[in-house]
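Inspection log for the structure reproduced underneath, given as structure tokens.
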Amino acid sequence: TLLAQSQMAVGTNASGGFAITANGIPMSAGTSVIDSPAVPTESKLGSNQFGLNLVANTAPTVGRDPEGTWANAITTPEYGIANKYKYVSGDVVAYSPNVSLMKKFTISYIVNSHKDLRAGVYSTTITYIASGRF
């Protein structure tokens with residue numbers, strides 16, 4: 001399993017809180033795409049899989065739980081399950097229902113591949129958009 005992680009921090013004074021969406025295509029090389037599970041799924045060696053979540057994991061060991069004292073800024077349920085990964089472009093991955101000071105989220109990425117995966121240089125760009133809700 002290949003691993004990576006990134007971090008983002010968000011806070012808002014918007015009375016309706018905020019929402020963060022993840023946008024972009026999964027890992028691909030030309031027309032070959034490594035599929036992403038649409039529901040939270042465990043990392044599966046030997047299968048084509050690209051997924052992410054926003055919590056600490058032990059299988060494989062990657063990521064951290066959200067950091068910050070504001071309990072109202074949270075991950076969405078499907079992206080907040082340890083050791084389960086998914087990715088659907090446009091999904092809300094974290095949100096707050098009202099005003100929130102800064103909270104830091106660590107995004108964990110996993111990539112698995114089947115032995116018959118077409119050779120190529122696989123890459124992706126995921127863009128996170130944080131929007132205030134007024």
Side-chain angles (χ1 to χ4, degrees):
T1 302
L2 296 175
L3 309 171
Q5 61 185 31
S6 62
Q7 294 182 326
M8 62 184 157
V10 64
T12 186
N13 65 353
S15 60
F18 67 83
I20 301 171
T21 58
N23 307 275
I25 63 169
M27 298 287 290
S28 63
T31 59
S32 295
V33 177
I34 297 177
D35 293 328
S36 297
V39 296
T41 305
E42 294 177 354
S43 176
K44 296 180 183 174
L45 291 172
S47 66
N48 292 334
Q49 179 187 33
F50 169 76
L52 58 92
N53 72 23
L54 284 76
V55 293
N57 302 284
T58 58
T61 302
V62 64
R64 295 180 72 139
D65 287 331
E67 299 173 60
T69 59
W70 287 81
N72 65 334
I74 59 172
T75 62
T76 55
E78 290 190 327
Y79 290 94
I81 305 169
N83 304 321
K84 301 237 177 164
Y85 308 86
K86 73 171 271 190
Y87 177 68
V88 175
S89 183
D91 271 2
V92 173
V93 296
Y95 69 95
S96 172
N98 48 37
V99 173
S100 173
L101 291 180
M102 296 299 281
K103 187 127 186 190
K104 181 167 65 171
F105 295 94
T106 299
I107 304 95
S108 302
Y109 307 88
I110 61 153
V111 180
N112 289 307
S113 63
H114 187 271
K115 64 181 175 116
D116 295 331
L117 179 66
R118 184 174 160 207
V121 177
Y122 286 78
S123 65
T124 187
T125 299
I126 306 297
T127 303
Y128 295 92
I129 301 170
S131 302
R133 297 178 180 174
F134 296 93

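Below, all heavy atoms of this structure are taken into account, side chains as well, without hydrogens, waters or symmetry copies.
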Can a donor-acceptor pair be found between the side chains of [X] and [Y] at a distance below 3.5 Å?
{"X": "Asn23", "Y": "Thr127", "answer": "no"}
{"X": "Ser6", "Y": "Tyr109", "answer": "yes"}
{"X": "Gln7", "Y": "Thr106", "answer": "yes"}
{"X": "Asn48", "Y": "Asn112", "answer": "no"}
{"X": "Asn83", "Y": "Ser43", "answer": "no"}

Check whether [X] reaches the backbone of [Y] with its side chain - one donor and one acceptor, N or O, closer than 3.5 Å.
{"X": "Asn57", "Y": "Ala82", "value": "no"}
{"X": "Thr41", "Y": "Val39", "value": "yes"}
{"X": "Lys103", "Y": "Ile74", "value": "no"}
{"X": "Gln5", "Y": "Ile107", "value": "no"}
{"X": "Ser96", "Y": "Asn98", "value": "yes"}
{"X": "Ser36", "Y": "Pro26", "value": "no"}

What distance do Tyr122 atom OH and Leu2 atom CG have between them, rounded to the nearest 0.5 Å?
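Those atoms lie 12.5 Å apart.
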
Can you tell me how far OG of Ser100 sits from CG of Asn72, rounded to the nearest 0.5 angstrom?
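So the CG of Asn72 and the OG of Ser100 are separated by 4.5 Å.
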
Write down the atom of Thr75, the atom of Gly80, and the distance for their closest heavy-atom approach.
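Distance-wise, the nearest heavy atoms are OG1-CA, 3.4 Å.
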
Between [Y] and [X], is there a side-chain heavy-atom distance shorter than 4.5 Å?
{"X": "Thr12", "Y": "Arg133", "result": "no"}
{"X": "Thr1", "Y": "Val111", "result": "no"}
{"X": "Ile110", "Y": "Gln49", "result": "yes"}
{"X": "Leu54", "Y": "Met8", "result": "yes"}
{"X": "Ile20", "Y": "Tyr95", "result": "no"}

Are Ile34 and Leu117 close enough, and set up right, to give a side chain to side chain contact (heavy atoms under 4.5 Å, CB included), and what steps lead you there?
CA-CA 8 Å; Ile34 297 177; Leu117 179 66; 3.9 Å; yes

Transitive ILVMFWY cluster of Ile129 at side-chain heavy atoms under 4.5 Å: who else is in it?
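Cluster partners of Ile129: none, it stands alone.
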
Side chain to side chain contact (heavy atoms under 4.5 Å, CB included) for Val93 and Tyr87? Distances and angles first, verdict last.
CA-CA 9 Å; Val93 296; Tyr87 177 68; over 6 Å; no

Could you name each residue pair satisfying salt bridge (charged side-chain N to carboxylate O under 4.0 Å, His left out) that touches residues 82-97, not counting sequence neighbours?
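Non-adjacent pairs meeting salt bridge (charged side-chain N to carboxylate O under 4.0 Å, His left out): Glu78-Lys86, Lys86-Asp91.
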
